[in-house]
Amino acid sequence: PWPHIQRPKRPQEQSKKKPRTIPFGDGWWGVGEKTLSEDQKIYPFQVETSDKEIEDLYERIDRTRYADPLEDGRFHYGFNSTYLKKVVSYWRHEFDWKKQVAVLNKYPHFKTKIEGLDVHFIHVRPPHRENQKVLPIMIVHGWPGSFYEFYKILPLLTQSRDGVVFEVICPSIPGYGFSEASHKKGFNSLAAARIFLKLMERLGFSQFYLQGGDWGSLITTNMAQMKPQCVKGLHLNMCMSNRGFKVLLSLLIGPYLPFLVGLSREDVRRLFPFFEKNVFEMLRESGYLHIQATKPDTAGCGVNDSPVGLAAWILEKFSSWADLKNRDLEDGGLERKFSLDDLLTNVMIYWTTGSITSSMRFYKENLGSNLNNRVDFKTEIFVPTGFAAFPNELMHCPKSWAQIRYRNIQSYTFMPRGGHFAAFEEPQLLADDLFNFVKKVEKS
């Protein structure tokens, strides 16, 4: 019974040890029955548009019926309709979708069929130089983002730094943008992870790095759990921590004696008062999550039909998730970190593909049952891991909490600024931290 005396474990106790990997398995998400064989070729793809598509958009915008905002409502009730009219006016009269399509096509796009779905990705190779180490990396977006979030970080990652450079594969999650949506129920992060591992194998990569935030952090974590032998390192800018005794203890003692429970002064500053920052704040900000995790198709009807409704639904997140203080501003601080061209390009990826409803379903497929009972939440991660902790991320995860699941943390950085959309907001900071993490792993 004494804590310092370790008795030998009985056989039944040893069998209860957490698994080190999760089953790879297989799946079929296409229409109807699984086919006997699948076309494994990789096809070039180009984003296209037409005058008809743009005219339809303009007609719908012109018929928009707005609700009047409350006096001094700012962004506390959601996207303020006074400012929304300004954004939509820019969209209707100044935004050039054909020009942005050319920007999207600046990098090579491809599609390939995996588990019955057309999977879209961009594949960016660095310029050839002598004496440089080229490392493959897959970077994965989340909601309500897209592969376009990474367009500002791609030039930084494909530029040699101290002899190290990345070859970047950036897929669209099935059901998002140009990746086909599942036709079957149950397509969750584990299914996405398996498809992306198959994609890397099809591209000829046996070992590679991974980077992700939002859903991308869960998908890349699942990839590392399924095939740790393939993942040289996992870099995340969002961490879902386990709840348990260690976390509870640090919440009780942390504000007073943080060093006793593995918290730094910066952890204390970001975490406390805990209920205000992590419970009440999340209740204010997670209404969308409850809707999308329960009735995505109902909400999807409206935002898939109205471009202005879609823009409000998506862009409100780019306001508040960049910094919750933006809710106090008349314009939601939207243009402090982003340009309207960039924001509307992301909206247009959802609009032109009609993918908002299928992207919302990803919440139901992942949150429809108790996450703690899922095999991936019971499985620890042993690949080298790096965390970039941005100060305005919705929930802060201290290193000591992350270590409960991620057992091999090689780097943990308190980032000086930035929020949820790290690559979109602060590409240079994220690229710097990623390079530093990878160099550490490569030396070890």
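Being a predicted model, the structure only gives us computed values, none of them experimental.
Of all heavy-atom pairs between E180 and G116, the closest is OE1-O, 3.9 Å. Closest of all the heavy-atom pairs between A388 and L430 is CB-CD1, 4.4 Å. Heavy-atom minimum distance, D305 versus W351: O-CH2, 3.5 Å. Contact between S250 and P255 at its shortest, heavy atoms only, is O-CD, 4.1 Å. Closest heavy-atom contact between N304 and G354: OD1-CA, 3.4 Å. Shortest non-hydrogen contact noted between V261 and S400 is O-OG, 3.8 Å.
Relative to the ring axis of Y43, K111 does not place its NZ or CZ within 45° and under 6.0 Å from the centre. At least one cation-pi condition fails for R361 and F187: the charged atom is not both under 6.0 angstrom from the six-membered ring centre and inside a 45 degree cone around its axis. For the pair K337 and F421, the cation does not sit on the ring face, since its NZ or CZ is not both under 6.0 Å from the ring centre and inside 45° of the axis.
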Could you give me the CA-CA distance, side-chain angles and deciding distance for R327 and E285, then say whether salt bridge (charged side-chain N to carboxylate O under 4.0 Å, His left out) is met?
CA-CA 11 Å; R327 292 173 305 192; E285 282 302 313; 3.0 Å; yes

Check the pair N188, N366 against side chain to side chain donor-acceptor pair (under 3.5 Å), reporting the backbone distance first and the verdict last.
CA-CA 5 Å; N188 60 14; N366 283 292; 4.8 Å; no

For E442 and K232: C-alpha separation, side-chain torsions, deciding distance, then whether salt bridge (charged side-chain N to carboxylate O under 4.0 Å, His left out) applies.
CA-CA 9 Å; E442 289 291 312; K232 293 181 81 176; 3.0 Å; yes

Begin from the C-alpha positions of F387 and Y406 and carry the test ring-ring contact (aromatic ring centres under 6.0 Å, His included) through to its verdict.
CA-CA 10 Å; F387 284 104; Y406 298 88; 5.2 Å; yes

Begin from the C-alpha positions of W143 and F362 and carry the test ring-ring contact (aromatic ring centres under 6.0 Å, His included) through to its verdict.
CA-CA 9 Å; W143 188 90; F362 203 57; over 10 Å; no

Before you tell me yes or no, could you show the steps for D331 and K86 under salt bridge (charged side-chain N to carboxylate O under 4.0 Å, His left out), namely the whole-Å CA-CA distance, both residues' side-chain angles and the distance that decides it to 0.1 Å?
CA-CA 9 Å; D331 64 355; K86 293 178 183 175; over 6 Å; no

Between D433 and H235, does the side chain to side chain donor-acceptor pair (under 3.5 Å) criterion hold? Intermediate values first, please.
CA-CA 9 Å; D433 197 69; H235 186 273; 2.8 Å; yes

Working for side chain to side chain donor-acceptor pair (under 3.5 Å), residues H396 and D267
CA-CA 8 Å; H396 176 63; D267 287 322; 2.7 Å; yes

Assess the residue pair N346 and S146 against the criterion (side chain to side chain donor-acceptor pair (under 3.5 Å)); give the C-alpha distance rounded to whole Å, side-chain angles, the decisive distance to 0.1 Å, and a yes or no.
CA-CA 7 Å; N346 183 63; S146 65; 2.7 Å; yes

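Q211 places none of its side-chain heavy atoms less than 4.5 Å from the side chain of L234. Using a 4.5 Å heavy-atom threshold, the side chains of K246 and I404 count as touching. Here the side chains of M238 and M395 are not in contact, with every heavy-atom distance at 4.5 Å or above. By the 4.5 Å heavy-atom criterion applied to side chains, L394 and E281 are not counted as neighbours. Side-chain atoms of V383 and N408, non-hydrogen and from C-beta on, never get closer than 4.5 Å to each other. You'll find the side chain of E330 stays beyond 4.5 Å of the side chain of Y83, heavy atoms only. T345 has its side chain within reach of L104: a pair of non-hydrogen atoms, C-beta onward, lies under 4.5 Å apart. Residues V438 and I137 fail the side-chain proximity criterion, which asks for heavy atoms closer than 4.5 Å.
Within the 3.5 Å criterion, the main-chain N or O of M415 finds no donor-acceptor partner in the side chain of T413. A donor-acceptor pair under 3.5 Å links the side-chain atoms of Y350 to the main chain of G145, judged by distance alone. For N105 (side chain) and V47 (main-chain N/O), a donor-acceptor pair under 3.5 Å exists by modelled atom type. S319 contributes a side-chain N or O that, together with a main-chain N or O of G332, makes up a donor-acceptor pair within less than 3.5 Å. Of the possible donor and acceptor atoms, one in the side chain of S358 sits under 3.5 Å from a partner among the backbone N and O of S355. Listed for the N80 side chain is no donor-acceptor partner under 3.5 Å among the backbone atoms of G73. The backbone N or O of Q159 lies less than 3.5 Å from no partner atom in the side chain of Q132, so there is not a single donor-acceptor pair. Side-chain N or O atoms of Q225 include one that pairs as donor or acceptor with a backbone N or O of D376 at under 3.5 Å. Using modelled atom types, one side-chain atom of E425 and one backbone atom of G419 make a donor-acceptor pair closer than 3.5 Å. Although no hydrogens or angles enter the test, the distance criterion places a donor-acceptor pair under 3.5 Å between the side chain of E365 and the main chain of G186.
To the nearest 0.5 Å, atoms OG1 (T357) and CD (Q292) are separated by 9.5 Å. Once rounded to the nearest 0.5 Å, the distance linking OG1 of T352 with CG of D56 reads 11.5 Å. To the nearest 0.5 Å, atoms CZ (R194) and CZ (F196) are separated by 12.0 Å. Atom SG of C170 and atom CG of L157 lie 10.0 Å apart (nearest 0.5 Å). With values rounded to the nearest 0.5 angstrom, D96 atom CG is found 8.5 Å from D341 atom CG. Taking CD1 from I153 and CD1 from I139, the interatomic distance works out to 6.5 Å, rounded to the nearest 0.5 Å.
The ring-ring contact (aromatic ring centres under 6.0 Å, His included) test with H120 singles out one residue from F110, F147, Y176, and that residue is F147.
Environment of NZ in K184: crowded, with over 12 heavy atoms of neighbouring residues, nucleotides or ligands closer than 6.0 Å. Within a 6.0 Å sphere centred on CG of D68, other residues, nucleotides and ligands contribute 12 heavy atoms or fewer.
Taking the six-membered ring where tryptophan is involved, the planes of F414 and Y412 are perpendicular, since the angle between them exceeds 60° and thus also 30°. A tilted orientation is assigned to the rings of F166 and F435, their planes being inclined by 30° to 60°.
Between E380 and R405 there is no salt bridge, since no side-chain nitrogen of the basic residue lies less than 4.0 Å from a carboxylate oxygen of the acidic one. In this structure, D432 pairs ionically with R161, as a charged nitrogen and a carboxylate oxygen lie closer than 4.0 Å. For the pair E55 and R60, the salt-bridge criterion is not met [side-chain N within less than 4.0 Å of a carboxylate O]. Of the charged side-chain nitrogens involved, at least one lies within less than 4.0 Å of a carboxylate oxygen, so that K98 and D51 count as a salt-bridged pair.
Inspection of the T379 and R374 side chains reveals no N or O donor paired with an N or O acceptor under 3.5 Å. No hydrogens or angles considered: nothing links the side chains of H420 and N392 as a donor-acceptor pair under 3.5 Å. Remark: the E149 side chain and the H141 side chain contain no N/O donor-acceptor pair separated by less than 3.5 Å.
Side-chain rings of Y148 and Y151 approach one another, their centers coming within less than 6.0 Å. Taking the six-membered ring wherever Trp is involved, the centroid distance between the rings of W321 and Y288 falls below 6.0 Å.
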